[in-house]
Amino acid sequence: MKKAIYLILLIFTATTARAQTITVQGTPFEINTEKETKIPVKLKLDKPLELHFDTVSAFAVRNGNVSSDAYLKGIRISWNPKLAALTLTVDPALLDAQGNYDVSLRYQSGNATDYSYLPLTLVRPPAVLTADKINIAEQGSTRKTDPLVITETGGKAGADGLRISSAYFPVVQGSLITLPAKPIKILPGGLVTIAYHLDPDLFDALPLGETVGKVQLMAGSVAAPIPVQIDIWKRLSKWWIVLTVFGGLLTGTFVRHFLKERKEREQARLNGLQLVQDIKSFTAAIEDPKLQADVNMIVQTVLTAISPENNAANLNGTTVITKAIEDARTAYNTRKATFQTQIDTETGLYTSIEADLFASDLPPQLNRALSDAQDSLKKAKAKLDVFNPTEAALWRAKTQEQEITGLTAYGAYVTGLLLFLVTPANYYPTIPATDPTLATVQALLAPAQTICTTTFGSGITDAHAALAAAKRIQTTLDQALTALTNGVIKYYNDTNQLAANHPNFKNAFNNWLKAIGDMISNPQGAPQSLMYWIPTLPADLNAAWTAALGVSSTTLGPGQPKPPAFAFVHQMFSVAQPPSPGTDLKTISMATLSASFKILYGRYIAYNLLQLFVLTLLMGAGGYLSYGKNFVGQPEEFISIFLFAFSLDIMADNITKIRAQTGT
């Protein structure tokens with residue numbers, strides 16, 4: 001019996017010998033050097049067993065999805081059966097790519113005739129490369145360029161065969177910077193400095209300010225391409241600051257002493273001529289001789305004051321002209337008020353309907369809806385003016401009927417409009433639900449729906465109350481339109497201001513907004529609000545927004561044509577000839593006054609434009625020390641410099657005036 005059991009165990013052991021487990025202790029193994037390295041591999045056997053490795057190199061090596069014969073040559077096997085010691089000799093030069101290497105070693109165990117495979121893993125850590133950005137700066141004729149400095153900071157792996165991509169600049173066509181094409185080697189923990197060639201013609205063509213580009217560092221031993229920024233600054237010479245300040249100070253005096261005085265004088269003369277026009281317009285249909293004589297004396301005072309031959313004004317400035325005109329205006333207003341009191345008659349009091357239909361706060365939409373009622377009410381008033389109360393009452397009754405008809409039509413229109421606006425899918429563009437605009441619009445419209453249903457749902461019984469409700473509804477609709485407009489505009493500007501100002505998107509946005517605005521304002525008096533709506537407008541807006549986001553820059557449209565050089569000079573210095581003193585008011589035609597007014601007004605505008613032109617040139621004043629450190633030469637910098645210089649000039653003028661007033 002014992003022999004049978006022993007025989008069974010012997011057979012069982014023989015059949016299960018190949019099933020024993022062999023594991024590698026300490027795997028994976030990390031390669032932390034560039035030199036050839038011996039790695040002792042500790043094997044764990046679940047029972048003693050004789051092993052035989054039939055080769056001196058690895059059976060198979062794979063890095064990710066890549067296998068190579070070079071990988072096989074990079075790993076050699078040394079096996080000592082007596083000591084059961086397995087050693088791998090690894091050549092890192094042949095395992096140059098970073099990553100995990102899956103290695104299979106083929107072996108025999110015991111007397112087995114089939115081969116088994118022992119898997120293990122080698123880890124090749126990536127090279128860690130860092131590179132500061134490349135700085136190139138030019139100020140005037142001085143240029144400074146920094147080299148490209150690359151450092152391996154990991155200390156475990158180098159980069160043999162490092163390649164540098166071509167430099168890319170979004171605004172440059174061509175090779176602005178040329179870097180070496182030959183692969184570069186960097187040792188672990190090493191540093192390399194790389195020079196490059198800068199194309200002078202392409203560099204000169206760059207705009208002022210900052211130009212940003214990039215290159216990429218690529219190697220098999222690097223986990224991913226490494227971008228390196230190229231930062232180029234072009235600045236004008238700082239001497240431009242000095243020239244700008246000098247020009248600003250020179251022109252400051254010209255603006256303060258010449259243009260300001262001329263503009264004020266023309267303004268005063270223009271005011272006087274405007275007063276003459278007002279008097280002529282008011283008295284043109286009045287035949288009262290006493291009034292004509294009185295206002296003619298006032299006109300003569302004004303014509304004398306604004307005459308170019310007024311030596312007192314030429315010597316003493318605009319104060320003489322201004323005082324004469326203000327005295328004449330006071331006398332004219334007093335005489336006009338007296339005359340108006342004489343001709344004014346009581347024409348009756350406005351009824352409650354008249355107060356409703358012609359209220360100053362009546363929206364245009366209601367004005368259009370109630371136009372027939374307003375016309376009838378005017379006819380009723382005309383009858384009151386001729387003392388015909390019977391027909392006035394008939395027209396007033398018709399007015400009430402037409403008022404209810406108009407308000408009913410308005411109620412039907414806004415009922416459909418509110419149903420459309422409280423359903424966002426009808427008109428709202430694709431905007432995240434977190435945007436508060438829609439909630440704001442819905443909160444505004446909810447009370448209006450309630451008012452609309454209560455007022456117009458079962459017919460109008462009180463026209464006055466219905467009109468007040470309609471005004472509240474229309475005010476709410478206008479507020480909702482404002483909230484919708486501001487909210488959507490803010491959303492697009494906050495998301496991407498450049499895309500929000502793209503012409504195509506602005507056109508799509510304006511079309512969308514105009515349709516909603518027309519629905520609310522109803523400029524054509526349509527019976528239904530949907531007559532203004534195009535269902536594709538939200539989709540068009542979304543499509544235009546998506547396209548605008550993909551555009552990196554927009555172009556400005558063509559500028560306005562420049563006026564001919566010095567075209568305004570003749571008009572500004574031409575002699576304005578208002579009617580001469582002594583010209584009777586009756587003989588002065590409105591055409592003459594209008595022509596004189598246009599000449600003076602043209603001169604006034606010309607002086608303003610000239611001052612504006614000079615002030616625009618002066619929108620900048622600065623100092624070398626204040627702006628020189630970061631001066632580039634951009635337009636906004638010139639504006640700041642000119643403004644500073646002009647402010648200095650105004651400050652000096654104010655100090656002079658204060659000293660003159662105090663006598664110090």
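Predicted model, so just to flag it, every value in this text is computed and none were measured.
For Y532, the side-chain hydrogen bond (donor to acceptor under 3.5 Å, both in side chains) test picks out N522, with sequence neighbours left out. Residues satisfying the side-chain hydrogen bond (donor to acceptor under 3.5 Å, both in side chains) criterion with D518, sequence neighbours excluded, are K514. With sequence neighbours left out, D231 forms a salt bridge (Lys or Arg N to Asp or Glu O under 4.0 Å) with K133. With sequence neighbours excluded, no residue forms a salt bridge (Lys or Arg N to Asp or Glu O under 4.0 Å) with D478. Residues meeting the salt bridge (Lys or Arg N to Asp or Glu O under 4.0 Å) test with K506, sequence neighbours left out: none. Remark: D327 pairs with K323 by the side-chain hydrogen bond (donor to acceptor under 3.5 Å, both in side chains) rule, at least two apart or across chains. Remark: D494 pairs with K490 by the salt bridge (Lys or Arg N to Asp or Glu O under 4.0 Å) rule, at least two apart or across chains. Applying the side-chain hydrogen bond (donor to acceptor under 3.5 Å, both in side chains) criterion to D361, with sequence neighbours excluded, gives K471. Residues forming a side chain to side chain contact (heavy atoms under 4.5 Å, CB included) with A443 (at least two apart in sequence, or on another chain): none. Taking the ring pair (Phe, Tyr, Trp, His ring centres under 6.0 Å) definition, one finds that Y492 meets it with F505, W545, sequence neighbours left out. In terms of the side chain to side chain contact (heavy atoms under 4.5 Å, CB included) criterion, residue partners of N507 (sequence neighbours excluded) are, by chain and number, N511.
Among all heavy-atom pairs drawn from R329 and N271, the shortest one is NH2-O, 3.9 Å. Of all non-hydrogen atoms in P147 and I194, the two that sit nearest each other are CB-O, 3.7 Å. Nearest heavy atom pair, residue P180 against residue A195, reads CD-O, 3.5 Å. Across every non-hydrogen atom of V212 and P170, the tightest pair is O-CD, 3.5 Å. A pairwise comparison of heavy atoms in N493 and A500 identifies OD1-CB, 3.3 Å as the closest pair. V441 approaches A480 most closely through the heavy-atom pair CG2-O, 3.9 Å.
Judged purely by atom type and a 3.5 angstrom limit, T244 uses its side chain to pair as donor or acceptor with the backbone of W240. At least one donor-acceptor pair under 3.5 Å links the side chain of K234 to the backbone N or O of D204. Q474 places no side-chain N or O within 3.5 Å of a backbone atom of S521 that could act as its donor or acceptor partner.
Here the side chains of Y196 and I164 are not in contact, with every heavy-atom distance at 4.5 Å or above. Between H197 and S175, the closest side-chain pair of non-hydrogen atoms is not below 4.5 Å. Counting heavy atoms from C-beta on, the side chains of Y428 and L484 come closer than 4.5 Å. The shortest side-chain heavy-atom distance between I136 and I177 falls under the 4.5 Å cut-off. The shortest distance between side-chain heavy atoms of R269 and L273 does not fall below 4.5 Å.
Separation of atoms CG (N504) and CG (D540) is listed at 12.0 Å; rounding is to 0.5 Å. In this structure, CG on L275 lies 8.0 Å from CD1 on I298, to the nearest 0.5 angstrom. Annotation: the span from L206 atom CG to E138 atom CD amounts to 9.0 Å, rounded to 0.5 Å. Here I134 contributes atom CD1 and I230 contributes atom CD1; the two are 4.5 Å apart, rounded to the nearest 0.5 Å. Note: N496 CG to H502 NE2 = 11.0 Å, rounded to the nearest 0.5 Å. Note that the CD1 atom of I321 and the OG1 atom of T304 stand 11.5 Å from one another [nearest 0.5 Å].
In this structure, a donor-acceptor pair under 3.5 Å is absent between the side chains of Q497 and N501.
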N/O donor-acceptor pairs under 3.5 Å from side chains in residues 429-436, not counting sequence neighbours:
unit_1, atom_1, unit_2, atom_2, d
T430, OG1, N542, ND2, 2.8
D435, OD1, T437, N, 3.0
D435, OD1, T437, OG1, 2.5

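The one candidate from L249, L250, L243 that meets the side chain to side chain contact (heavy atoms under 4.5 Å, CB included) condition with F246 is L250.
Annotation: I534, atom CD1; neighbour count of heavy atoms from other residues, nucleotides and ligands within 6.0 Å does not exceed 12.
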